[in-house]
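All chains are named by letter (A, B, ...) in the order of the sequence lines, taking the proteins before the strands, and each is independently numbered beginning at 1.
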There are 2 protein chains.
Amino acid sequence: MSKNSLGYVDLVAIFKKQIQSGVWQIGRSIPSESALAKEFGVAVGTIRQAIIELSNDGVLIKRHGKSTMVSGGLNGQSMLRFFRGNVSGSGQASPTAKVLAVKETPIDKTLSGLTGWSTKNALRLHRMRFINESPTLFETIYIPLPKFKKIIKVSPRDYESLLYPMYASLCEVAVMKAKDTVSFELLKKSDAKALGLREGHPGVRVDRLAFDLSGAVVEFRTSVGDAMAFQYSAEVN
Amino acid sequence: MSKNSLGYVDLVAIFKKQIQSGVWQIGRSIPSESALAKEFGVAVGTIRQAIIELSNDGVLIKRHGKSTMVSGGLNGQSMLRFFRGNVSGSGQASPTAKVLAVKETPIDKTLSGLTGWSTKNALRLHRMRFINESPTLFETIYIPLPKFKKIIKVSPRDYESLLYPMYASLCEVAVMKAKDTVSFELLKKSDAKALGLREGHPGVRVDRLAFDLSGAVVEFRTSVGDAMAFQYSAEVN
DNA sequence: GAGTGGTCTAGACCACATC
DNA sequence: ATGTGGTCTAGACCACTCA
């Protein structure tokens with residue numbers, strides 16, 4: 001006895017593959033529910049159940065009356081809400097970012113251990129983030145090659161101010177989830193200097209692993225800032 | 001033309017009221033889907049849609065083959081994973097807690113501003129949390145009266161080691177959501193002393209607002225610890 | 001085996017977006 | 001007016017739990 005028709009769980013897996021393989025592209029529409037029902041030989045309700053699950057996971061975006069689209073993932077502006085006196089407050093803060101350096105570097109044991117990357121090289125970016133013109137976060141970012149090779153051809157001055165949307169549009173990589181680890185440390189000389197503080201000043205450090213749809217790590221980022229200006233809010237559910 | 005039958009959105013609201021009013025009690029079963037369908041005069045599918053939504057919000061707990069139950073909310077053991085070398089690691093850490101003082105205090109403007117509490121008094125607890133016998137977090141906890149009046153009659157030595165389950169079983173209060181705000185500061189003398197550190201040592205402070213099903217604040221808690229031992233992990237979605 | 005939730009169907013009808 | 005997703009129905013059948 002073999003099952004000869006697909007369940008919604010199967011469809012969820014199939015739809016994910018459509019996205020990972022690029023058949024369904026980031027930011028573009030997927031076929032209508034009734035079309036998919038015909039294509040896969042199931043009832044519309046079954047298609048809907050699969051789509052609703054993916055929508056709850058942030059993979060698809062539904063809007064009543066319009067077609068369902070493939071999400072580009074997180075937008076990455078989530079990092080700066082960690083500091084006092086910024087965006088979420090009233091008035092206008094002006095968060096900006098500047099990429100200071102881009103360099104191709106080998107993936108060493110430490111980095112591959114953290115990320116699971118098995119290719120040889122990665123890109124390393126140094127990036128400063130500003131609030132109201134003042135340097136607030138110094139970031140070191142690793143992204144693997146060759147997946148992000150198109151980034152190399154972009155001049156750092158032409159980087160978009162948010163990296164994740166750029167990853168999506170340029171490299172077809174959607175960051176769906178991330179894990180932050182916040183810890184406290186005294187600033188090293190180099191970090192302190194970049195932030196306009198003295199060596200040994202209390203610092204905060206946020207290590208972030210960013211994951212794509214398949215759960216693979218697509219970025220590792222370390223951000224350092226002034227602990228005394230730091231404030232992090234999180235929902236616990 | 002009036003709508004003469006209930007939609008699943010209406011049912012979600014109705015079911016929440018059943019819980020808030022105590023008709024459906026924390027930890028107990030709710031009627032079966034088919035029974036509810038008859039009671040409210042709708043199809044089973046409509047009941048299911050409402051229940052699924054509440055289940056996704058953590059309000060109800062479904063288990064295949066068994067009846068659906070009302071959740072007791074968060075368990076409150078979430079705070080200690082913030083420190084290094086603890087539970088989530090291998091081996092056995094032994095997190096414990098000890099309530100040092102319980103006192104009835106008036107709700108001042110600051111507290112009512114933060115929490116929205118409009119009654120006159122609150123209970124204030126001082127509580128120390130330990131990892132492997134060593135004092136790690138010093139907590140100051142406010143809960144409003146008269147909602148928590150049953151707590152007064154319990155001797156601090158008889159408190160359960162997790163407070164949220166005690167709130168649920170004793171006071172019918174389920175903490176469904178919380179908001180943590182993490183910041184760094186130099187330890188005040190009193191906090192430092194309680195933690196076995198010297199005044200001015202780098203400290204971490206976590207302010208938490210805990211919410212019930214209706215979104216009302218049911219607890220305000222401030223936790224202070226050693227910044228050097230602090231490590232916080234969070235998922236970003 | 002009786003009772004519960006889980007999946008799927010086929011179709012009706014509603015609500016929103018767009019032309 | 002057409003196409004899309006949103007809601008609801010009534011019923012069949014499956015899968016799990018427990019006595």
Practice task
Would you kindly give the CG-to-P distance between A:L54 and D:dG5, to the nearest whole Å?
Solution key: 14 Å
Exercise for the section: Among the candidates C:dT4, D:dG5, D:dT7, find the nucleotide nearest to the side-chain atoms of A:H64. Expected result: D:dG5
Exercise for the section: Take atom CG of B:L36 and atom C1' of C:dT4, then tell me their distance rounded to the nearest Å. Expected result: 12 Å
Problem - Spacing of B:L11 atom CG relative to D:dT7 atom P, expressed in whole Å - result: 12 Å
Problem - Side-chain touch B:I141/B:R127, heavy atoms, less than 4.5 angstrom - result: yes
Exercise for the section: Taking only the side-chain nitrogens and oxygens of A:R63, find out if one of them lies under 4.0 Å from OP1 or OP2 of D:dT4. Expected result: no
Handout entry: Separation of D:dG5 P from A:L60 CG (nearest whole Å)
Key = 11 Å
Problem - Exercise: do A:Y167 and A:E172 side chains pair donor with acceptor under 3.5 Å - result: no
Handout entry: Separation of D:dT7 C1' from B:F40 CZ (nearest whole Å)
Key = 18 Å
Handout entry: Gap between atoms CD1 and C1', on A:I52 and D:dT7 respectively (whole Å)
Key = 10 Å
Practice task
Using a 4.0 Å heavy-atom cut-off across all strands, classify A:V42 as base, sugar-phosphate, or nothing.
Solution key: sugar-phosphate
Exercise for the section: Report yes if a side-chain nitrogen or oxygen of A:T46 is closer than 4.0 Å to either non-bridging phosphate oxygen (OP1 or OP2) of C:dT7; otherwise report no. Expected result: no
Fill in the blank from the handout: Picking from C:dG6, C:dT9, C:dT7, the nucleotide nearest the side-chain atoms of A:A43 would be C:dT9
Exercise for the section: Determine, using ring centers only, whether B:Y232 and A:Y232 are less than 6.0 Å apart. Expected result: yes
Handout entry: Distance, nearest 0.5 Å, that separates CD1 of B:I51 from CG of B:L11
Key = 9.0 Å
Problem - Minimum-distance nucleotide to A:K66 side chain [options: C:dA17, C:dT4, D:dG6] - result: C:dA17
Exercise for the section: Please work out if B:S34 contacts a base, only the sugar-phosphate, or nothing of the nucleic acid, heavy-atom cut-off 4.0 Å. Expected result: nothing
Practice task
To the nearest Å, give me how far apart CD (A:E53) and P (C:dC8) are.
Solution key: 11 Å
Handout entry: Main-chain N/O of A:L111 paired to A:T115 side chain as donor or acceptor, under 3.5 Å
Key = yes
Completion exercise
Among C:dT7, D:dC8, D:dG5, the one nearest any side-chain atom of A:E33 is D:dG5
Practice task
Report yes if a side-chain nitrogen or oxygen of A:R48 is closer than 4.0 Å to either non-bridging phosphate oxygen (OP1 or OP2) of D:dG6; otherwise report no.
Solution key: yes
Practice task
Check whether any side-chain N or O of B:T68 sits under 4.0 Å from OP1 or OP2 of C:dT4, and answer yes or no.
Solution key: no
Practice task
Can you tell me the distance, in whole Å, between the CE atom of B:M69 and the C1' atom of C:dG3?
Solution key: 17 Å
Practice task
Respond yes when some side-chain nitrogen or oxygen of B:S67 is under 4.0 Å from OP1 or OP2 of C:dG5, and no when none is.
Solution key: no
Problem - Pairwise 5' ranking along DNA chain C for A:G41 and B:K62, keeping only the more 5' one - result: B:K62
Fill in the blank from the handout: Quick note, B:S32 side chain, CB onward, closest among D:dT4, C:dT9, C:dG5 is C:dG5
Problem - Salt-bridge criterion met for B:E235 and A:K179 (N-O under 4.0 Å) - result: no
